[in-house]
2 protein chains.
Amino acid sequence: MNTAAADLDEVAMLDRAWHDVSPAPARRLLIAAVQAFAERGYHATTTRDIATRVGMSPAGVYVHYRSKEELLHRICLIGHRHSLVALRAAAARSTDPEQQLRDVIGDFAAWHALFHTPARVISYELTALEPEHLTEITALRHEMDLLVRATLEHGVEQGVFDVPDIPGTGLALLSLTVDVARWYRTSGRRAPEDIGALYADLAVRMVKTR
Amino acid sequence: MNTAAADLDEVAMLDRAWHDVSPAPARRLLIAAVQAFAERGYHATTTRDIATRVGMSPAGVYVHYRSKEELLHRICLIGHRHSLVALRAAAARSTDPEQQLRDVIGDFAAWHALFHTPARVISYELTALEPEHLTEITALRHEMDLLVRATLEHGVEQGVFDVPDIPGTGLALLSLTVDVARWYRTSGRRAPEDIGALYADLAVRMVKTR
DNA sequence: CGGCATCCTAAGCAAGCGCTTAGTCAGTTC
DNA sequence: GAACTGACTAAGCGCTTGCTTAGGATGCCG
């Protein structure tokens, strides 16, 4: 598949994932912005660049968004809510600690591969947010932390996990999965679910009692 | 310790680590640049900002560097060479696979905590490099990949490691350690060597035959 | 002292930035 | 068909950007 076709696929995928963003031109702008931010970074992206991607004039952006920072803020909010939903769904799928950890880490890693474009933006462009928006997003990230920690504690209580440092190990696990978005390329050999399977396995090895 | 004192400490530490950058004003500029790039990102940093940090006029930067990109390029080169030296020294310290993996991952994770400021720049600002400079740096990063992979292969050959996917596990291990630079704060509870110890332990658990 | 090299600044240029303003135009409503 | 609405553009404003130019200060060497 050539890159143009892959781009179309990604736009279609994000259009489906973000179907609740309306009206359609606002959604198209949001998708254009997330792609531009992911490729060049927030500060290297111009509002003209975003507008051009959807075939609008530079002023068209401001019909739907107050500022460039609002675009980033919306992307971060939607992205974090989206991934938190995925995390919670994964955690609820099983009560067995090992399977739960597999689901949580596997799904979260696969999510970061599949949605590597928004994932890059919401992990590596946070510093461009205004302080109060950053605080809001940090709270969402903290919830992810708590969820992973709870999974580990659950396994320790049942005696199937041996985790001397739960906060540290939780941090490492989240860090590992989040960083998938940095190095993942669609053109690479591994599919998102392959990465999920590998990471789920590594996570279980890290904590399982031997 | 207040942040101003911590800043002074960091400047002193980087001044020692980069003592071979001369003359002194060029080194001071490089340190100011790496701090600014780490705090706000390459594109959000202005050359005026860098100059002001060392008490120079905006034009002072161009006495020592051709462009803002040259500053980033030098930082990336020095940073990668520095960390490669640390990695190789760690790998050479022992021939026992488990101890070697402990040394490699532990030291590399601790390096990313101690030098989180340059580490952030050389991992997350690479896209701002000109293409030929990016190619050069990518080659250095590939060497780290090979080193970690060789450590894993060494352990598998001796039967002490069980690694179904060596490239994938090597990638995950490097990813895990590199990402320390993203979340590490000097004000946090863990010292660099604590993070190194935790990560060395997690790495061994990930690959050890059971 | 003069000659020279090093290091730096004052001033500013051309280009590009985020965002605004005033107005156009298609579609809907009555 | 007149009145209104929402989506969009042409033009451009005020400011900042990376970088240049011309020249000044300082210290070293004979």
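Quick note: numbers below take in every heavy atom, side chains included, and nothing from hydrogens, waters or symmetry partners. In what follows, chains are A, B, ... by sequence order, proteins preceding strands, each numbered from 1.
In the displayed structure, A/Arg205 atom CZ is contacted under 6.0 Å by more than 12 heavy atoms of other residues, nucleotides or ligands. Within a 6.0 Å radius of CZ in A/Arg74, no more than 12 heavy atoms belonging to other residues, nucleotides or ligands are found.
The aromatic rings of A/Phe108 and A/Trp111 sit parallel, their planes meeting at an angle under 30°, below the 60° perpendicular limit.
Rounded to whole Å, atom P of D/dG18 lies 19 Å from atom NE2 of B/His73. Rounded to whole Å, atom C1' of C/dC19 lies 16 Å from atom CG of A/Asp49. Taking atom CZ of A/Arg28 as the reference point, atom C1' of D/dC8 lies 12 Å away to the nearest angstrom. In this structure, CE of A/Met56 is placed 16 Å from P of C/dC19, rounded to the nearest angstrom. C/dG18 atom P lies 11 Å from atom CG of A/Leu71, rounded to whole Å. Rounded to whole Å, atom P of D/dT20 lies 7 Å from atom OH of B/Tyr62. Taking atom CD of B/Glu69 as the reference point, atom P of D/dC19 lies 9 Å away to the nearest angstrom. For the pair B/Tyr65 OH and D/dG18 P, the computed distance is 17 Å after rounding to whole Å.
Considering only side-chain atoms of A/Ser57, the nucleotide from D/dT20, C/dC7, D/dT9 that sits closest is D/dT9. Of the listed nucleotides (D/dT20, C/dT20, C/dC8), D/dT20 has the atom at the smallest distance from the side chain of B/Ala59.
Proximity of B/Thr47 to the phosphate of D/dG18: a side-chain N or O atom is located under 4.0 Å from OP1 or OP2. OP1 or OP2 of D/dC8 lies within a sub-4.0 Å distance of a side-chain N or O belonging to A/His64.
For D/dG18, its base sits under 3.5 Å from the side chain of B/Arg48 at one donor and acceptor pair at least.
A/Tyr124 and A/Asp179 share a side-chain donor-acceptor pair at under 3.5 Å.
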